[in-house]
Amino acid sequence: MIKVNVIGQGYIGLPTALMLAKSGLKVVGTDYNEKLINALRAGKLTFDEEGLDELFKEALSNGIEFSTEYQKTSLYIISVPTPYIKESKKLDPKYVISAVNSILDICETGAILIIESTISPGSIDKYVRPVIEQRRMVIGRDIHLVHAPERIIPGNMIYELVHNSRTIGADDFKIGERVKELYSSFCDAEIVVTDIRSAEMSKVVENTYRDINIAFANELAKICRADNMDVYEIIRIANKHPRVNILQPGPGVGGHCISVDPWFLVGDYPDLTNLILAARKINNSMPAHVLKRIRDIMREHNIKDISKVGLYGLTYKENVDDVRESPTLQLLERMDENLAFGVKVFDPFVKERIVEHQFMNFEDFVSEIKIIVILVAHNHIKDNIDCLKNKLILDTKNICALENTYKL
Ligand code: SAJ
């Protein structure tokens, strides 16, 4: 039976490993974080995701194992984080390189090494091939390289693992076809086989496209605010055109993908990325726009005390518990720079205290504030919207129809 070793048991690696195990493959999930592996071994999941519980049970009953050790086998999937360096906006490949090195220490000859982590275009040539050459190994004989970037969206991961089309980039078409077969064990959609550079580039392009589209919506929101027009109505109508599909404005773009990947292109092609850079700047400017809107409302109602303002939502988007690069954290940073201390914060998905004046109880939070700023459209706030009846509301997600609601 084919054995697959999935390296990195985070947001992408874990669901992928579980899916492969559910399909009947022998799977070992490896992570250097001992606490995480112990939790998984004890049958405990490390993050919330719709349908993940069930999938976990099925994978466990099919014998999935978890280990801090890399396994000697012929197939590896690497899904470790690929952060970017803040100053240069370039990819930091340290985790990928370290995973590749550890695999090369033990893998079988001819093993296939599939990198799922998002990387900047050209990274495999720049960082991975030299590691293999340094080890005096030959690509194509001792090791095969593949880039199979993931495309699933947090909040709908399990469904998308099965139904999203995928890209497989390989040096050797035959190896690409073998990897395609591997993913076909759970993926029902089209799987395109191409070369490695095209796979790297298309992944970053997909996220950059979305960033630019959101930036357009955000710029429209600012234009409409300047002249008192309803941006949501305008986008709704424009989208009725068969070839127009504008996304929604919001308090900014967070998460570890869309707000990060375009920077790879800006970092590598600074003279050629005018539109991409402008989109990043527009999206990054949204927390400041929200701050201005809060100030407008405070002035209008003669509220001087910032501690009467409550920010609802700390995660980077609705119904997930991930706070990476979240617009709310960006907003708090800005407030901090402007010496605006004391704003209250609540998020039903964030169970640990990560910022100052963070409430753990929704009722307490609401009872202490006059203005609530809805920054994340969790189902929780939609279900509890009536609790906001006597508040001033700044709704950055267009979910609230109560009186006293201000929009972006
Ligand atoms: N957002 C808006 N307006 C919108 C849509 C999103 O402001 O109309 C904001 C969200 O609130 C959030 C940010 O953008 O802060 C990103 O959220 P998202 O739901 O658009 O995307 P991610 O980051 O969760 O996942 C993206 C997806 N990429 C695309 O849709 C092209 C996903 O398919 C990728 O797998 C993922 O990036 C990744 O890992 O690269």
Side-chain angles (χ1 to χ4, degrees), residues 8 10-16 47 49-50 79-84 91 115-120 147-161 163-167 187 189 199-222 231-232 235-236 238-239 245-265 279-280 282-287 289-290 312-331 347 349 374-378 395-399 408:
Y11 287 106
I12 302 298
L14 179 65
T16 305
F47 61 95
E49 175 67 36
E50 172 128 17
S79 33
V80 294
T82 41
Y84 77 97
L91 174 93
I115 298 175
E116 275 213 19
S117 310
T118 305
I119 46 185
S120 55
H147 181 42
E150 55 78 20
R151 269 183 178 159
I152 51 179
I153 197 145
N156 198 28
M157 284 179 162
I158 311 302
Y159 177 88
E160 293 204 353
L161 268 172
H163 297 282
N164 280 6
S165 154
R166 300 194 68 109
T167 316
C187 173
E200 288 174 323
M201 186 66 177
S202 56
K203 164 69 192 190
V204 172
V205 163
E206 288 161 16
N207 281 348
T208 304
Y209 167 82
R210 198 161 165 84
D211 197 42
I212 292 171
N213 194 334
I214 298 169
F216 180 52
N218 282 332
E219 190 155 283
L220 289 177
K222 287 185 181 175
V231 67
Y232 302 103
I235 291 177
R236 189 177 73 82
N239 281 351
N245 182 21
I246 308 168
L247 290 169
Q248 293 298 305
V253 169
H256 203 59
C257 313
I258 294 186
S259 64
V260 173
D261 293 3
W263 285 124
F264 293 159
L265 293 175
R280 276 286 71 237
I282 292 165
N283 288 337
N284 275 349
S285 75
M286 291 315 284
H289 178 73
V290 175
Y312 177 90
L314 262 169
T315 62
Y316 83 91
K317 67 174 188 180
E318 64 281 1
N319 305 323
V320 301
D321 58 9
D322 189 342
V323 299
R324 288 178 295 177
E325 322 281 332
S326 97
T328 309
L329 291 178
Q330 295 175 35
L331 180 61
D347 190 308
F349 281 84
I374 301 176
L375 291 156
V376 185
H378 291 310
D395 175 14
T396 70
K397 300 300 287 186
N398 196 30
I399 55 166
L408 207 55

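Note that this is a predicted model, so its numbers are computed, not measured. All ligand and atom numbering here is 1-based and tracks the order in the structure.
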Is atom CZ of Phe216 surrounded by more than 12 heavy atoms (other residues, nucleotides or ligands) closer than 6.0 Å?
no
Shortest protein contact, atom 19 (O) of ligand 1 (heavy atom only)
Lys317 NZ, 2.9 Å
Are Ile119 and His147 packed together at the side-chain level, in the sense that at least one heavy-atom pair is separated by less than 4.5 angstrom?
yes
May I ask you to check whether Leu247 has an N/O atom sitting below 3.5 Å from an N/O atom of ligand 1?
no
Can you say whether the rings of Phe47 and Tyr11 are parallel (under 30°), tilted (30 to 60°) or perpendicular (over 60°)?
tilted
Option set Arg210, Arg324, His256, criterion heavy-atom distance to atom 20 (O) of ligand 1, minimum
Arg210
One residue to check: Ile152. Relative to ligand 1, which of side chain, backbone, both or neither has a non-hydrogen atom less than 4.0 Å away?
backbone
Under 4.0 Å, counting heavy atoms only: does Lys397 come that close to any atom of ligand 1?
yes
Considering the options Asn207, Thr208, Thr82, which one meets the side chain to side chain donor-acceptor pair (under 3.5 Å) requirement together with Asp261?
Asn207
Within ligand 1, which atoms have a heavy atom of Pro154 less than 4.0 Å away?
24 (O)
Of all the heavy atoms in Glu160, does at least one lie under 4.0 Å from an atom in ligand 1?
no
Looking only at protein heavy atoms, identify the closest one to atom 21 (O) of ligand 1 and say how far it is in Å.
Ile258 CD1, 3.5 Å
For atom 33 (O) of ligand 1, what's the nearest protein heavy-atom neighbour? Residue, atom name and distance, please.
Arg151 O, 2.7 Å
Looking at Glu150 and Arg166, does any basic side-chain N land under 4.0 Å from a carboxylate oxygen?
no
What residue and atom, counting heavy atoms only, is the protein's closest point to atom 28 (N) of ligand 1, and at what distance?
Asn207 OD1, 2.8 Å
With a cutoff of 4.0 Å, is Gly255 in contact with ligand 1, counting heavy atoms of the residue only?
no
Taking 4.0 angstrom as the limit and counting only heavy atoms of Val253, give me the atoms of ligand 1 inside it, by number and element.
13 (C), 14 (O), 15 (O)
Is there a side-chain contact between Val376 and Leu314, using heavy atoms and a 4.5 Å cut-off?
no
Report yes if Lys203 has an N/O atom closer than 3.5 Å to an N/O atom of ligand 1; otherwise report no.
yes
Here the atoms of ligand 1 under 4.0 Å from any heavy atom belonging to Glu206 are 31 (C)
Decide yes or no for Thr396 and Leu408: does some side-chain heavy atom of the first lie under 4.5 Å from some side-chain heavy atom of the second?
yes
Less than 4.5 Å apart, any side-chain heavy atom of Val320 and any of Glu50?
no
Of all protein heavy atoms, the one nearest atom 36 (C) of ligand 1 is Cys257 SG, 3.4 Å
Can you tell me which residue and heavy atom of the protein come closest to atom 15 (O) of ligand 1, and the distance to 0.1 Å?
Tyr316 O, 2.7 Å
Quick test: of every protein heavy atom, which one is nearest to atom 6 (C) of ligand 1, and how far off is it to 0.1 Å?
Ile214 CD1, 3.5 Å
How close does the nearest protein non-hydrogen atom get to atom 39 (O) of ligand 1, and which residue and atom is it?
Glu150 OE2, 2.6 Å
Would you call Ser259 and Arg280 a side-chain contact if the rule is heavy atoms closer than 4.5 Å?
yes
I want to check something: taking the side chain as every heavy atom from C-beta on, are Ser285 and Lys222 in contact at a cut-off of under 4.5 Å?
yes
Which residue is it: Asn213, Asn218, Asn239? I am looking for the one with a side chain to side chain contact (heavy atoms under 4.5 Å, CB included) to Leu247.
Asn213
